[in-house]
Amino acid sequence: MMFETDIRPLDLTLTLDCGQAFRWKELEQGFWTGVVGKHMLTLRQSSGSVAINACTDDQNVVRLVRGYLRADDDIARIQRALAKDQTLTRGMKRYRGLRIVKMDEWECLVSYTLATYANIPRIKKMIDRLCTDYGEPIRGGEHAFPTIRRLGEASEKDLEKCGLGYRAKYVAGLCESLTPNELKSMTRLEYPDLKDRLLELHGVGEKVSDCVSLFGFGKLEAFPIDVWIVRALGRLYHVKGSYRKLSEFAFERFGEYAGYAQEYLYFNERSAAHENACAFSEVR
DNA sequence: GCCCAGGAGTGTG
DNA sequence: CACACTCATGGG
């Protein structure tokens with residue numbers, strides 16, 4: 001069944017293929033297949049509208065996709081607010097179509113806990129195996145992301161077999177220390193309290209906590225700091241220091257939309273590194 | 001074969 | 001609080 005919905009501005013590739021979410025695949029040019037909730041979807045962008053191919057006639061998939069892509073975020077307004085920062089103004093316009101995604105809280109928490117000290121292809125593989133081994137089969141031949149209960153039934157050894165390595169004990173710990181109700185109650189917390197609560201979880205540090213706040217709980221003021229952001233802040237703003245220190249800088253500088261600022265800085269820094277690498281290789 | 005990864009936990013100065 | 005070290009494996 002096909003649906004269509006209007007989301008502007010949007011760059012589907014930038015949004016789905018950037019390490020925010022890990023389950024999207026571009027099976028053929030412009031066709032992005034992934035799983036959102038219990039639905040396997042194929043998305044295709046034509047200018048500002050998104051064509052949704054789903055194995056259901058349930059109109060709710062439109063709402064699902066609009067929620068996932070945060071269709072109600074007013075990008076123009078967000079960019080205007082961030083444009084008070086001159087440094088950001090130049091870089092961010094070409095990323096107008098990049099949207100922060102709103103993942104399922106549990107999926108996001110597990111995904112980013114797995115993402116520690118692993119590269120993106122491997123993160124995708126770990127998640128794929130967790131889903132095929134423990135996720136409920138859904139129409140289209142895919143699997144939903146495994147629930148807390150199902151994942152909790154797996155032993156640490158079982159989880160290791162999915163290629164998790166030392167992360168298996170973290171995932172097992174998450175299943176033990178959380179219930180679906182607790183996760184749901186956490187959605188009511190404001191960002192500072194939410195972050196502290198996430199930090200209590202074993203295997204969840206500052207960076208993962210911020211990623212989960214941003215991509216899982218939709219806290220746009222969260223500002224995850226990875227190696228690329230450290231580089232960007234040093235190169236563009238000449239600030240360096242501990243995670244806490246950089247966090248405070250980001251909050252004062254970027255405020256309620258720091259999460260979008262983070263994405264712009266992240267992409268800008270990666271492309272800057274890429275351009276340098278190309279320039280260097282041309283000189284040789 | 002080698003290097004290293006969208007980090008976090010632990011121990012030490 | 002700041003650093004160093006380890007963690008278990010699979011991609012590139």
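In what follows, every chain begins at residue 1, and chains take the letters A, B, ... in the order their sequences are listed.
- With hydrogens and angles left out, the side-chain atoms of A:Asp210 and A:Tyr191 include a donor and acceptor closer than 3.5 Å.
- As judged by a 4.0 angstrom heavy-atom cut-off over every strand, A:Ser242 is placed among residues touching the sugar-phosphate backbone only.
- Taking 4.0 angstrom as the limit, A:Lys125 places a side-chain polar atom (N or O) nearer than this to OP1 or OP2 of C:dG11.
- For A:Val227, the side-chain atoms get nearest to B:dG7 when compared with the rest of C:dA8, B:dT10, B:dG7.
- With respect to A:Lys102 and A:Glu105, a salt bridge is recorded, a charged nitrogen being found less than 4.0 Å from a carboxylate O.
- Spacing between atom CD of A:Glu156 and atom C1' of C:dT9 amounts to 16 Å, rounded to whole angstrom units.
- When the nucleotides C:dG10, B:dG7, C:dG12 are ranked by their closest atom to the side chain of A:Pro121, C:dG12 comes out on top.
- No hydrogens or angles were tested; on distance alone, nothing pairs the side chain of A:Tyr166 with the base of B:dG9 as donor and acceptor under 3.5 Å.
- Evaluation of the salt bridge (Lys or Arg N to Asp or Glu O under 4.0 Å) test over residues 164-174 of chain A, restricted to residues two or more places apart or in two chains, returns none.
- Aromatic ring centres of A:Phe22 and A:Tyr112: separated by under 6.0 Å.
- Rounding to whole angstrom units, OH of residue A:Tyr117 and C1' of B:dC4 are separated by 6 Å.
- Within the 4.0 angstrom heavy-atom criterion, only backbone atoms of the sugar-phosphate kind lie near A:Gly203; the bases stay farther away.
- Among the protein residues, A:Arg244 comes within range of no part of the nucleic acid, since none of its heavy atoms lies under 4.0 Å from any strand.
- If you measure from atom CZ of A:Arg122 to atom P of C:dC7, you get 15 Å, rounded to the nearest angstrom.
- A:Ile123 places its CD1 atom 17 Å from the P atom of C:dT9, with the value rounded to the nearest Å.
- A salt bridge does not link A:Lys219 with A:Glu190: none of the charged nitrogens is closer than 4.0 Å to a carboxylate oxygen.
- Ranked by how close their nearest DNA chain B nucleotide is to the 5' end, A:Arg167 and A:Tyr170 are led by A:Arg167.
- Using a 4.0 Å heavy-atom distance criterion, A:Ile120 is classed as a sugar-phosphate-only contact.
- In this entry the distance linking NZ of A:Lys245 with P of C:dA2 reads 8 Å, nearest Å.
- With rounding to whole Å, A:Leu159 atom CG is found 15 Å from C:dT9 atom C1'.
- Within the structure, a side-chain polar atom (N or O) of A:His202 is placed less than 4.0 Å from OP1 or OP2 of B:dT10.
- Between A:Leu164 atom CG and C:dA8 atom P the separation is 13 Å, expressed in whole Å.
- Between the C1' atom of B:dG9 and the CD atom of A:Glu200 lies a distance of 16 Å, rounded to the nearest Å.
- Comparing B:dG11 with C:dA8, their P atoms sit 15 Å apart, to the nearest whole Å.
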